[in-house]
Amino acid sequence: MDVLLNEDEEMIRDGVRRFFDAECSPDRVRGIEDGGARTDPELWRQLAELGWLGLALPSVYGGGEAPFTQLTVLFEEAGRALAPVPLHPHVVTALALAEAVGRGECGPLAATLVSEACVGDSLLTWAWSERLPGMGPETIELSATADGNGWRLNGHKGMVEAFEIAGHCLVAARTQTGGSANGGLTLLLVAPNAPGVSAVARRTLAGDFQSEVHFDNVYVDGDGLVGRVDEGWDLARPMLQRAMVLNCAMIVGATRRAAERAFDYAKERHAFGHPIGSFQAIQHTCADMITWVDGAELLTREAAWHIAQGSDAGLAAAAAKAFTNERCQAVLREANQIHGGYAQVREYDQQLWYRRAAAWSMRLGTSMEHRRAVAQALEL
Amino acid sequence: MDVLLNEDEEMIRDGVRRFFDAECSPDRVRGIEDGGARTDPELWRQLAELGWLGLALPSVYGGGEAPFTQLTVLFEEAGRALAPVPLHPHVVTALALAEAVGRGECGPLAATLVSEACVGDSLLTWAWSERLPGMGPETIELSATADGNGWRLNGHKGMVEAFEIAGHCLVAARTQTGGSANGGLTLLLVAPNAPGVSAVARRTLAGDFQSEVHFDNVYVDGDGLVGRVDEGWDLARPMLQRAMVLNCAMIVGATRRAAERAFDYAKERHAFGHPIGSFQAIQHTCADMITWVDGAELLTREAAWHIAQGSDAGLAAAAAKAFTNERCQAVLREANQIHGGYAQVREYDQQLWYRRAAAWSMRLGTSMEHRRAVAQALEL
Amino acid sequence: MDFGFSEENEAFRAEIRAFIAENVSPEIVQEMHDGTQGAGIGPLTKDLIHKIGQRGWIGMSWPEEYGGRDADIIDQYIFEEELARARVPLNLGNFIEQAPAIMNAGTEAQKQYFLPRLVRGDVTFALGYTEPSGGTDLASLKTRAVADGDDFVINGQKVFTTRAESSSHIYLMARTDPEAPKHRGISIFLVPMDTPGITVRPLWTLPGGRTNEVFLEDVRVPKESMLGAENEGWNIGASALNLGRAGARRYCIYVSPFEDLLKYLQTDDLGRDIARDPVVRDKVAELYCEAQVARLFTMRSLSMVRRGQNPPYEISSEKIWGPEFQVRTTEAASQILGPYHQLWEGEAAPNGGSFPRQYVNAMVSTFGHGSTQVMRTAIARRGLGLPRE
Amino acid sequence: MDFGFSEENEAFRAEIRAFIAENVSPEIVQEMHDGTQGAGIGPLTKDLIHKIGQRGWIGMSWPEEYGGRDADIIDQYIFEEELARARVPLNLGNFIEQAPAIMNAGTEAQKQYFLPRLVRGDVTFALGYTEPSGGTDLASLKTRAVADGDDFVINGQKVFTTRAESSSHIYLMARTDPEAPKHRGISIFLVPMDTPGITVRPLWTLPGGRTNEVFLEDVRVPKESMLGAENEGWNIGASALNLGRAGARRYCIYVSPFEDLLKYLQTDDLGRDIARDPVVRDKVAELYCEAQVARLFTMRSLSMVRRGQNPPYEISSEKIWGPEFQVRTTEAASQILGPYHQLWEGEAAPNGGSFPRQYVNAMVSTFGHGSTQVMRTAIARRGLGLPRE
């Protein structure tokens with residue numbers, strides 16, 4: 001037991017932070033947003049070259065085969081830097097493909113995509129949720145009906161990241177209805193430019209885009225199958241857990257930076273003849289901020305550790321996400337309050353962290369949903 | 001529109017406060033608790049003489065016929081003084097009887113009891129909730145089966161105040177099952193010493209008692225009927241609303257006094273060379289305390305006003321109770337925190353207010369239940 | 001305790017509602033909305049203000065000689081409430097804050113000049129209080145006004161000067177006596193925005209609105225442009241701020257995100273599905289209770305002002321409870337609507353994207369017009385008599 | 001990041017569990033409970049402490065020569081956790097706080113005298129820090145110790161001196177140099193409770209337990225009873241307090257009301273019916289997440305101490321989060337259990353009335369051993385480097 005970062009993890013943290021400090025300034029982040037770009041291709045290339053896209057992927061495909069805990073540290077730093085690249089959907093999808101490949105439960109396409117994912121040649125994303133805000137398997141209604149060697153997809157997905165620029169999208173579809181909510185799901189790889197696919201990109205609070213994707217009789221052939229038919233939940237469940245933990249890591253990284261900026265501001269800014277950071281009310285607020293973000297970080301890291309151990313992280317990931325969503329928003333709120341009016345102004349940088357961390361906390365399941373999962377896991 | 005107390009209300013407040021300041025010292029409150037007494041008979045006699053037991057009862061029975069708003073002020077003051085008498089169940093029951101009498105929906109017993117209630121000759125109480133913490137009509141299972149001109153009661157009631165010393169107890173029973181939860185209820189007057197009635201008194205956090213009452217084939221004759229058979233909810237609903245509002249008034253009164261004691265303590269107590277009330281953290285805490293208790297008071301008074309208007313106070317009373325339960329507890333918590341270790345010590349007086357106001361907030365429905373009622377009223 | 005409104009009040013409310021139904025078209029609302037984005041006050045809006053003024057609803061509690069009608073402030077409250085409930089983004093702040101100050105402290109000439117023009121919408125004020133070095137700490141004001149013959153010459157900088165780009169005047173606080181203690185030595189000037197030496201630079205805010213920096217370089221104004229006595233600006237400003245705090249407008253701002261959320265959950269197809277979750281219902285009910293407290297605090301302040309009392313702390317309670325409620329609401333909404341709450345614009349965004357906009361906007365109430373920290377200190381000291389250190 | 005325990009750790013945990021199952025009878029638990037109500041340490045408890053001491057579990061991270069075994073503090077953590085989870089109300093506070101101070105600062109004679117007796121339970125300390133005039137503000141200490149020949153003569157008063165009635169000694173802070181600045185000039189004395197001039201008066205607390213006032217009137221002690229150097233008591237006390245803060249015991253106190261509530265809702269008939277409410281489930285899940293944070297904060301502090309780091313703020317975070325979580329839990333429980341939560345005793349009371357007792361007890365954690373206010377200031381200044389005014 002030692003919950004602090006070990007040497008390898010510290011090395012990742014320091015290396016990634018150094019890189020982003022040098023390469024990913026707030027101006028660069030702002031530029032991508034203002035230009036309406038979906039990604040920063042140069043930054044993406046660098047991340048691929050440094051081996052970070054494949055950090056936790058199997059070495060046979062060119063990955064770094066690092067434990068999930070190290071990947072979590074990488075994501076904390078990416079969140080801290082607000083890296084304007086679709087790291088999250090790419091890595092989440094690649095890990096799911098790699099798991100299917102490892103189990104021998106998919107064709108050659110998935111293995112190829114994992115190899116390409118490590119070097120950034122193919123951008124991957126995934127599509128899960130549909131109409132309701134929930135993330136449970138019962139929300140999946142997109143239908144996949146068998147057609148020869150493949151399937152026909154009909155329906156829609158609600159919030160897909162980086163869809164238009166992705167090479168492939170891993171889509172959760174329902175191949176069977178009427179059974180349990182967990183049963184009858186199948187994961188299929190779809191090319192965004194396949195006939196019958198249409199997408200509308202929607203600008204978010206974070207300044208990036210999420211797409212609403214419609215599937216109108218879209219054909220997916222047998223090679224697009226990932227995992228076993230009707231048993232997609234076996235792969236989806238750990239995929240969702242990893243997605244939640246990496247999302248939490250990004251929120252925590254960005255929120256910690258937003259808090260640190262507020263602490264610095266409190267030291268410099270004067271009011272009533274003193275630095276505002278000398279007032280008890282501000283000091284106590286700052287104490288709460290660091291306590292909350294630390295709590296979110298520890299919950300997130302513990303969930304990551306469970307995943308790295310290969311044990312089920314359902315309870316730990318849900319707890320981390322439920323707590324992180326709400327408490328990190330509270331930290332951001334207090335950071336804004338310390339900045340006063342400047343927190344509101346676009347040309348000051350504080351809002352870059354605020355908007356992104358807040359928007360991320362609205363993705364991948366609400367606090368209420370994750371608390372429902374916690375209660376269930378506690379056998380209440 | 002003028003939400004402040006009017007002249008009549010101020011007169012009630014000042015008069016009642018003067019009386020309790022003179023007659024109801026913390027030592028007297030403590031004495032009743034330490035002695036395990038159910039009431040303070042002398043104080044009760046005085047309240048009757050002053051006309052306050054019948055303040056809002058019809059004048060034909062000797063009451064003061066004051067509007068419910070004035071009664072609410074009286075209860076705020078009774079809460080503030082921690083008056084160790086069963087004012088709440090007595091007045092709540094008497095008002096329900098008076099309403100039934102006014103509607104011509106009961107026999108001569110109820111009218112007699114209202115007259116006696118005004119002068120304190122008969123102590124009244126009521127019994128509603130059973131096993132679950134909820135207060136909804138669906139929780140009533142105590143069965144009343146017709147037997148000649150009367151009924152036979154079988155079942156139990158969970159939390160009855162002043163049962164052993166009451167002359168009569170108004171009991172909600174189910175005369176019909178299978179319909180809607182609201183239908184099939186009937187209110188019946190039972191003498192606590194009737195054959196088949198047994199009760200166990202249980203000491204509470206407030207230092208008073210609540211009784212678990214069992215009914216084993218208890219006979220109630222026709223004169224015990226209050227309101228119409230199977231339609232008891234018509235009387236019970238406004239009775240519950242009045243009970244909730246008067247309970248809130250007591251909580252608010254006691255909590256405000258606990259807060260004022262903490263403000264005073266913060267002015268006197270020194271630490272680090274200054275009165276602790278000069279520290280920003282304490283000042284801001286005190287600001288929240290007064291804000292919260294004021295909010296509870298306003299919600300309570302608005303609900304009281306709705307009742308006084310004769311309009312349905314379901315939403316307003318539920319909102320008041322949901323808010324008061326939680327926010328007044330928070331005020332008490334902060335008052336304790338300001339007092340530090342002394343808040344824990346029995347021989348200091350602060351705990352007298354703390355324990356009672358807290359215990360009252362656990363009666364007559366939880367915050368969750370009342371928020372459920374609010375959501376329903378909002379047609380969510 | 002009387003929480004109801006009289007028949008006359010209700011009749012007046014009906015009159016306002018009818019007026020809004022008749023006169024506030026979607027085009028006007030759009031124009032007013034554009035106005036907050038930097039487009040200035042458009043002709044439709046000016047016309048609407050004029051109509052409102054004709055009916056005696058601007059500054060209706062003003063004396064009759066200045067165009068008011070000595071009305072009960074409850075009518076003012078009802079007027080503001082109805083405007084807000086109909087989501088008419090008409091900023092009548094000048095009539096609430098600057099006009100009373102001019103009535104209280106202005107010369108007869110100032111009253112004659114400004115008040116009718118304010119009513120007609122020909123004069124509008126930007127509020128020139130806040131400076132880069134101190135928002136809440138107004139007393140540390142650095143902008144200087146130096147007497148020079150019959151003029152004052154003003155140098156300094158203001159920030160968060162909303163509507164500076166479209167206002168005819170700035171209601172400017174400047175230091176006239178640098179030797180005096182901080183709260184003393186400040187004066188107020190009513191300065192036309194086209195006075196040479198004034199430069200306005202836009203600051204764009206998160207919800208998409210515009211505020212400004214205002215640079216003052218050797219701005220020369222006649223002595224007659226001073227409001228009230230020299231070095232008395234602090235008290236004039238403070239009493240106007242206090243007057244401005246008793247009214248429905250601010251509480252309506254605090255509760256409008258909740259009302260929008262509630263309406264969405266009650267009426268929208270997706271919203272109704274979301275609202276089936278008992279935990280969502282519980283949270284919304286909790287917010288409802290808190291919204292009522294915001295309303296009741298305003299009604300309390302109003303009741304006190306009507307009785308001629310100067311609320312020692314109650315208006316500060318409004319200014320803590322409401323803004324923090326507003327923020328809590330938006331954070332709760334983010335976890336009720338989840339991914340939909342991030343959608344910033346477009347058809348798919350619930351309520352046209354109002355929720356994330358309210359989310360990033362809510363914070364303004366917690367530091368605008370006196371931060372919640374300063375308000376808490378004021379309650380403790382003025383309301384509860386807690387000592388200074 | 002390693003959140004797991006080694007096989008050795010788990011084996012040790014199993015050993016402790018087996019020991020508890022075998023040696024902690026309901027009679028001992030009752031005796032220990034009576035001990036907190038003023039009955040003192042009974043024979044069964046002494047015997048249990050002796051058995052624990054024999055196995056080397058008291059002060060297991062102490063050097064071997066003093067009866068410890070240089071064990072990893074993780075074992076200490078596991079030991080405390082298992083004891084707390086089994087609800088064994090054994091207060092080993094002396095071994096956590098006073099013993100390390102004696103090891104650090106004591107003379108050889110003091111070590112030889114006290115440490116083995118502490119292990120055997122023959123010596124127990126009441127903590128004589130707090131005075132009526134200041135709880136959190138220890139530096140304002142008024143109790144005076146005046147040198148007189150080979151002795152010191154002590155006069156003053158202590159309050160909230162828990163177990164003073166049953167302890168053999170008091171660990172007494174007194175001012176030895178009244179001229180020195182507040183934090184200086186304080187010394188610590190190890191004083192037998194039967195020393196003439198010491199009077200103990202009970203203070204009964206809300207949950208029914210006993211604490212005390214201790215009056216010191218011309219209490220004469222030899223100079224050898226001083227612990228560490230004269231006027232250095234503040235540092236000795238502070239470092240022992242800090243050591244005392246890294247361990248499972250306190251976090252277990254913070255989370256035990258939640259664990260009891262959870263178990264009640266999981267297993268009791270009524271509890272299970274109550275837990276069908278989705279809103280109750282949501283609240284309990286929220287508390288669960290927060291309880292994990294309390295546990296993780298402790299694990300973090302422990303990890304730092306094991307690495308030889310002196311946590312700049314992390315232990316203070318534990319001391320804010322945990323106690324406030326504890327209070328939140330009890331308030332939530334009051335609205336989950338409703339009327340049942342008021343039942344103080346008897347069969348009908350859920351869990352034998354533990355919930356209202358925990359309710360009135362929870363506050364102690366928020367001001368005991370450093371109030372949450374002082375902890376927040378410490379985090380801001382020591383952890384975040386925020387300036388003094």
Side-chain angles (χ1 to χ4, degrees), chain B residues 129 131-135 158-159 200-210 212 269-274 276 279-282 285 322 325-326 329-330 332-333 336-348 351 354-355 358-372, chain D residues 130 132-137 139-140 159-160 182 202-209 211 270 273-274 277 279-280 282-283 324 327-328 330-332 334-349 353 355-357 359-364 366-368 371-374 376-377:
Chain B
S129 68
R131 178 164 176 272
L132 286 174
M135 300 288 295
M159 304 279 170
V200 188
R202 303 180 297 198
R203 180 77 93 151
T204 77
L205 175 61
D208 64 358
F209 296 86
Q210 300 227 315
E212 164 115 6
R269 173 81 177 177
H270 280 63
F272 305 103
H274 301 275
I276 62 172
F279 297 128
Q280 213 180 23
I282 299 288
T285 298
N325 279 1
E326 294 190 348
Q329 278 198 34
L332 297 165
R333 171 220 306 160
N336 286 338
Q337 177 71 7
I338 288 170
H339 277 90
Y342 294 100
Q344 262 284 303
V345 176
R346 285 198 168 257
E347 66 187 63
Y348 288 85
Q351 54 92 9
Y354 165 52
R355 281 187 296 114
W360 298 339
S361 80
M362 300 163 197
R363 299 176 185 176
L364 292 171
T366 67
S367 294
M368 298 177 192
E369 169 169 17
H370 291 300
R371 287 197 293 264
R372 197 178 308 133
Chain D
T130 305
S133 64
T136 290
D137 180 17
S140 74
V159 72
F160 304 123
K182 293 177 77 185
L203 290 175
W204 296 99
T205 68
L206 294 188
T211 184
L270 177 62
D273 282 344
I274 291 173
D277 181 348
V279 181
V280 168
D282 180 74
K283 177 49 84 177
E324 292 183 352
V327 170
R328 270 200 303 282
T330 60
E331 290 180 11
S334 86
Q335 296 303 311
I336 289 170
L337 301 176
Y340 291 99
H341 194 281
Q342 19 160 14
L343 298 185
W344 190 250
E345 58 198 8
E347 259 178 66
F355 295 113
R357 276 170 218 284
Y359 183 88
V360 297
N361 189 52
M363 67 168 101
V364 173
T366 66
F367 40 70
S371 74
T372 49
Q373 284 94 345
V374 168
R376 283 193 166 83
T377 301

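Proteins come first, then strands; the chains are lettered A, B, ... in the order of their sequence lines, and each starts at number 1. In what follows, every heavy atom counts, from backbone to side chain, and hydrogens, waters and symmetry copies are set aside.
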Top residue by heavy-atom pair count (under 4.5 Å) with chain D, among [options]?
options: B:Thr366, B:Val200, B:Ile276, B:Leu364; value: B:Thr366
options: B:Ser367, B:Gly158, B:Ala359, B:Ser129; value: B:Ser367
options: B:Glu212, B:Gln351, B:Arg371; value: B:Gln351

What distance do D:Tyr359 atom OH and D:Leu206 atom CG have between them, rounded to the nearest 0.5 Å?
11.0 Å
Could you tell me the separation between the CZ atom of B:Arg269 and the NE2 atom of B:His274, rounded to the nearest 0.5 Å?
15.0 Å
Would you mind checking which part of [X] comes under 4.5 Å of any heavy atom in chain D, side chain (CB onward), backbone (N, CA, C, O), both or neither?
X: B:Ala343; answer: both
X: B:Thr285; answer: neither
X: B:Ile282; answer: side chain
X: B:Ala271; answer: both
X: B:Arg355; answer: side chain

Under 4.5 Å from a heavy atom of chain B, the part of [X] involved:
X: D:Thr377; result: neither
X: D:Ser140; result: neither
X: D:Ile336; result: both
X: D:Val159; result: side chain
X: D:Val360; result: both
X: D:Phe160; result: side chain

Just so I understand: if I count every heavy-atom pair under 4.5 Å between each of [options] and chain B, which residue has the most?
options: D:Val327, D:Val279, D:Ile274, D:Leu343; value: D:Leu343
options: D:Arg376, D:Gln373, D:Glu331, D:His341; value: D:Glu331
options: D:Ala348, D:Ser334, D:Pro356; value: D:Ser334

State whether a side-chain donor-acceptor pair under 3.5 Å links [X] with [Y].
X: D:Thr366; Y: B:Arg333; value: no
X: D:Ser371; Y: B:Gln337; value: no
X: B:Gln344; Y: B:Tyr354; value: no
X: B:Thr204; Y: B:Gln210; value: no
X: D:Gln342; Y: B:Arg363; value: yes

Taking side-chain contact (heavy atoms from CB on, under 4.5 Å) as the test, write out the residues that go with B:Phe209, two or more places apart.
B:Arg38, B:Ala201, B:Arg203
Set of side-chain contact (heavy atoms from CB on, under 4.5 Å) partners for B:His270, sequence neighbours left out:
B:Pro275
Between the main-chain N or O of B:Gly365 and the side-chain N or O of B:Asn325, is there a donor-acceptor pair closer than 3.5 Å?
yes
Looking at B:Glu347, I'd like to know if its CD atom is crowded, meaning that more than 12 non-hydrogen atoms belonging to other residues, nucleotides or ligands lie closer than 6.0 Å.
yes
